[in-house]
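Quick notes on the structure that follows.
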Amino acid sequence: MEVATKKGWNREEMAQNIAHDIPDGSYVNLGIGMPELVANYIPANREVVFHTENGLLGIGPSPAEGQEDDEMINAGKKPVTANKGAAFFHHADSFAMIRGGHIDICVLGAFQISENGDLANWSTGEPKAIPAVGGAMDLVQGVKHVIIITKHTTKDGTPKIVKECSYPLTGTKVVDRIYTDLAIIDVTDKGLFVKEMAPGVDFEALQRKTDAHLNQY
Amino acid sequence: MEVATKKGWNREEMAQNIAHDIPDGSYVNLGIGMPELVANYIPANREVVFHTENGLLGIGPSPAEGQEDDEMINAGKKPVTANKGAAFFHHADSFAMIRGGHIDICVLGAFQISENGDLANWSTGEPKAIPAVGGAMDLVQGVKHVIIITKHTTKDGTPKIVKECSYPLTGTKVVDRIYTDLAIIDVTDKGLFVKEMAPGVDFEALQRKTDAHLNQY
Amino acid sequence: MINKVVQTASEAVADVFDGATVMISGFGEAGSPIELIHALIDHGAKNLTIVSNNTGNGHVGLAALIGNRQVRKMICSFPRTAHSVVFPELYKKGEIELELVPQGTLAERIRSGGAGIPAFYTPTSVNTPLAEGKETKEIDGNLYVLEYGLKADFSLVKCRTADRHGNLLYNKTARNFGPIMCMAAKAAIVQAKEVVDLGMIDPETVVTPGIFVNKVIEIANPLSENQLIKEERRYPWR
Amino acid sequence: MINKVVQTASEAVADVFDGATVMISGFGEAGSPIELIHALIDHGAKNLTIVSNNTGNGHVGLAALIGNRQVRKMICSFPRTAHSVVFPELYKKGEIELELVPQGTLAERIRSGGAGIPAFYTPTSVNTPLAEGKETKEIDGNLYVLEYGLKADFSLVKCRTADRHGNLLYNKTARNFGPIMCMAAKAAIVQAKEVVDLGMIDPETVVTPGIFVNKVIEIANPLSENQLIKEERRYPWR
């Protein structure tokens with residue numbers, strides 16, 4: 001069954017799976033890192049407005065080399081451009097959009113997700129680590145649909161989808177859907193339901209790589 | 001002694017007294033009615049920025065007849081203009097200026113002022129009256145110096161400066177100075193102190209027209 | 001494709017339902033979305049709770065909506081103004097409810113509703129009748145009143161310029177409650193004097209970003225409430 | 001006559017006192033008032049509490065201020081970034097305090113401090129370690145955390161354009177914390193890329209009205225923090 005893992009989706013395919021599920025007209029916030037890939041795969045016939053919490057709605061493509069502007073960056077501090085119809089605003093207004101429920105979808109990474117939708121993605125809780133939280137706790141509380149993009153397990157095979165998170169929490173009962181390299185999983189009031197599996201992955205193998213109980217629709 | 005009353009300051013002189021005491025560079029909010037007169041008497045060598053809570057800093061002179069704009073008004077709904085350096089903003093930002101202590105001075109009318117600086121200026125408490133408060137309660141709590149412009153007594157001679165207000169309060173311990181037709185009175189931790197009397201007014205006559213105890217510096 | 005522009009005022013307000021909470025921008029005559037309000041009168045939704053600084057003037061706009069008995073309750077700071085005649089009459093007869101809120105508290109409650117802040121403490125109204133029955137808390141030796149965020153099902157807002165994303169610019173002191181009411185509503189419905197092509201509004205000058213706006217209708221020549229009142233007009237027109 | 005423009009950065013920061021709370025605008029490298037920070041290093045005020053989203057980069061700007069041991073405590077949301085080296089070292093040695101605040105709560109606390117709101121409830125951080133020891137309240141069936149407004153003695157802010165009244169325009173995403181930090185400080189000190197004549201800024205487009213600003217200095221060609229880090233520069237220059 002180890003073959004199944006290798007047949008999972010790669011990073012680009014995971015991002016494509018998410019992009020495919022983002023409706024036309026959505027306002028979307030992408031977390032730093034793997035979530036940023038999602039922007040590359042929005043179908044051409046859909047108009048999606050990307051929000052970055054440092055103060056811009058309407059992120060455009062990355063600037064050409066040499067065209068970067070130190071004062072035009074996203075939350076990951078990478079250079080960006082602005083599309084037509086963009087708007088700049090200050091941080092309190094930006095988080096009013098987030099906390100006030102105006103952003104439709106955010107895509108975040110995760111250390112752990114529990115079966116009731118708890119998320120841990122800001123701290124491993126190591127005593128010597130410098131804690132840093134950024135906007136994660138605001139996003140999970142305020143955004144209408146919180147989507148996680150993550151490898152199904154850590155590099156050493158430890159499940160990231162767990163009965164209960166052992167790492168410090170970002171929020172409780174906040175995750176709506178998880179996109180991993182192996183499956184797409186809905187978090188519902190009745191538990192985790194597998195919506196789709198990657199080609200070559202079967203349910204038993206998926207459950208073995210998952211600490212939490214999985215259900216089939 | 002009745003002569004003294006008639007020798008008091010008129011409305012324009014009361015407004016002049018206040019204008020004289022407004023320092024160069026102040027940010028000032030003027031209430032509706034008599035307070036609005038103050039703007040006419042700011043000495044020419046001083047630059048004072050007038051705030052109106054409906055969303056403008058930098059009120060200029062009244063527009064010429066025929067130049068009025070329905071969408072360019074002050075809190076009293078009168079047409080105004082904007083000076084160079086003006087700014088428009090929304091209501092939450094406008095009251096952030098007020099509540100946040102950014103306005104130096106406001107000038108308000110009053111029904112009653114108590115000797116500890118309580119103010120009643122929004123409701124006579126009559127059961128059939130329609131209550132209306134506007135921004136008065138915000139102004140008295142937030143503005144650094146709350147100044148009252150008022151006739152010393154009502155038309156029938158009832159004192160407006162009282163031991164304790166009988167009308168519904170706008171705020172407690174909020175008034176800093178009272179400018180009447182008869183005197184200028186400071187509200188201090190130690191009580192009311194007469195700073196100046198109108199020509200022809202003497203202290204005993206002033207005290208007789210005042211319910212609260214007056215002190216002399 | 002995002003296109004929030006609709007073609008008629010009646011289409012703009014079509015979803016308003018009986019019992020809805022509706023915020024209406026404007027301070028006195030400035031910024032009142034009179035065409036949208038008149039469309040709401042034609043539409044006929046009843047038992048509305050209206051959040052607006054005043055209660056309208058003469059027999060047009062908000063005053064006409066109240067006069068048409070569509071409003072159960074007003075939440076406002078200053079219900080009596082020079083030209084306000086409809087509300088006072090109904091209020092004295094006990095036929096309309098009033099929740100009186102200090103103006104700055106009203107603005108902050110609306111902004112909080114839009115910003116996901118369910119409640120906040122404020123010094124405004126402490127020790128006054130308007131604080132009666134409300135929770136208080138002493139912070140650093142001073143007393144504050146707890147006030148709750150206000151949300152609406154719909155907001156009707158007037159602005160100067162809009163694009164198809166719903167980015168908005170306002171005109172002078174007609175800005176007043178518009179931006180925060182767009183934030184606080186599930187559906188913000190905006191009448192704009194002009195709808196411009198996407199990209200015509202400088203991103204640095206946007207006052208209301210489109211994320212807060214749901215529908216836009218162009219009303220190139222809005223009626224002047226002042227003028228209608230001078231002419232003693234009434235809506236529905238007669 | 002109102003003229004908030006001063007001639008040197010050292011004059012702009014001259015009043016900063018030992019033990020002051022100082023807010024510093026910027027998100028990563030965008031919007032950091034590097035010349036004002038360097039003037040504060042020259043000035044030497046100690047035991048500062050700094051409110052800023054990050055902890056600076058390399059050995060210039062905020063990182064250099066921390067490295068110069070002028071900072072007792074940092075209040076921020078994200079103290080470790082790619083180029084942050086000074087803060088982590090001092091933090092691990094226990095030589096600097098950290099108050100970690102979620103980014104949106106940090107922004108809202110600053111805005112509240114400036115708006116006269118002493119405290120507010122927020123859903124952010126509920127049921128997490130960052131809510132430990134904080135008051136909570138159930139409102140409409142949901143749990144919220146009480147957070148307090150943040151004020152500062154001084155704010156150091158970078159903007160694009162200013163006039164002598166202190167009206168400000170910003171540049172793109174360098175706006176970030178600038179407007180709310182101007183609101184929250186007793187004295188907001190601003191470096192502008194250009195100071196223009198009064199009347200040159202359209203009143204409709206003002207982002208920070210002058211009432212929130214105390215001193216303005218023109219820094220026509222501000223240093224690029226990114227560039228200084230690439231060049232491994234250190235302040236004080238050596």
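Here is how names work: the chains are called A, B, and so on, in the same order as the sequence lines, proteins then strands, and each is numbered from 1. Note that the structure is a prediction, hence the values are computed from the model and not measured.
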Which answer fits A:Ile98, side chain, backbone, both or neither, if we ask what part of it has an atom under 4.5 Å from a heavy atom of chain C?
neither
Who among C:Gly199, C:Gly113, C:Ser112, C:Pro203 has the most heavy-atom pairs with chain A under 4.5 Å?
C:Pro203
Shortest non-hydrogen contact from C:Asp163 to A:Gly85?
OD2-CA, 4.3 Å
Heavy atoms, side chains only, cut-off 4.5 Å: are C:Ile211 and A:Val49 in contact?
no
Please report the interatomic distance CZ(A:Phe95) to CD1(C:Ile117), rounded to the nearest 0.5 Å.
12.0 Å
Taking 4.5 Å as the heavy-atom cut-off, does anything in residues 164-186 of chain C contact chain A, and if so which residues?
C:Arg164, C:His165, C:Asn167, C:Met183
If you compare all heavy atoms of A:Met97 against all heavy atoms of C:Pro209, which two are closest, and at what distance to 0.1 Å?
CE-CG, 3.6 Å
Chain C contact via A:Asn45 - which portion, at a heavy-atom distance below 4.5 Å:
backbone
Just how far is it from atom NZ of A:Lys84 to atom CG of C:Asp197, taken to the nearest 0.5 Å?
7.5 Å
Checking heavy atoms, do the side chain of C:Lys4, its backbone, both or neither come under 4.5 Å from chain A?
side chain
Looking only at non-hydrogen atoms, find the nearest pair between A:Ala86 and C:Val206 and report the distance.
O-CG2, 3.9 Å
Heavy-atom cut-off 4.5 Å, strictly under: side chain, backbone, both or neither for A:Ala82 against chain C?
neither
So does C:Lys215 have more than 12 non-hydrogen atoms from other groups sitting under 6.0 Å from NZ?
yes
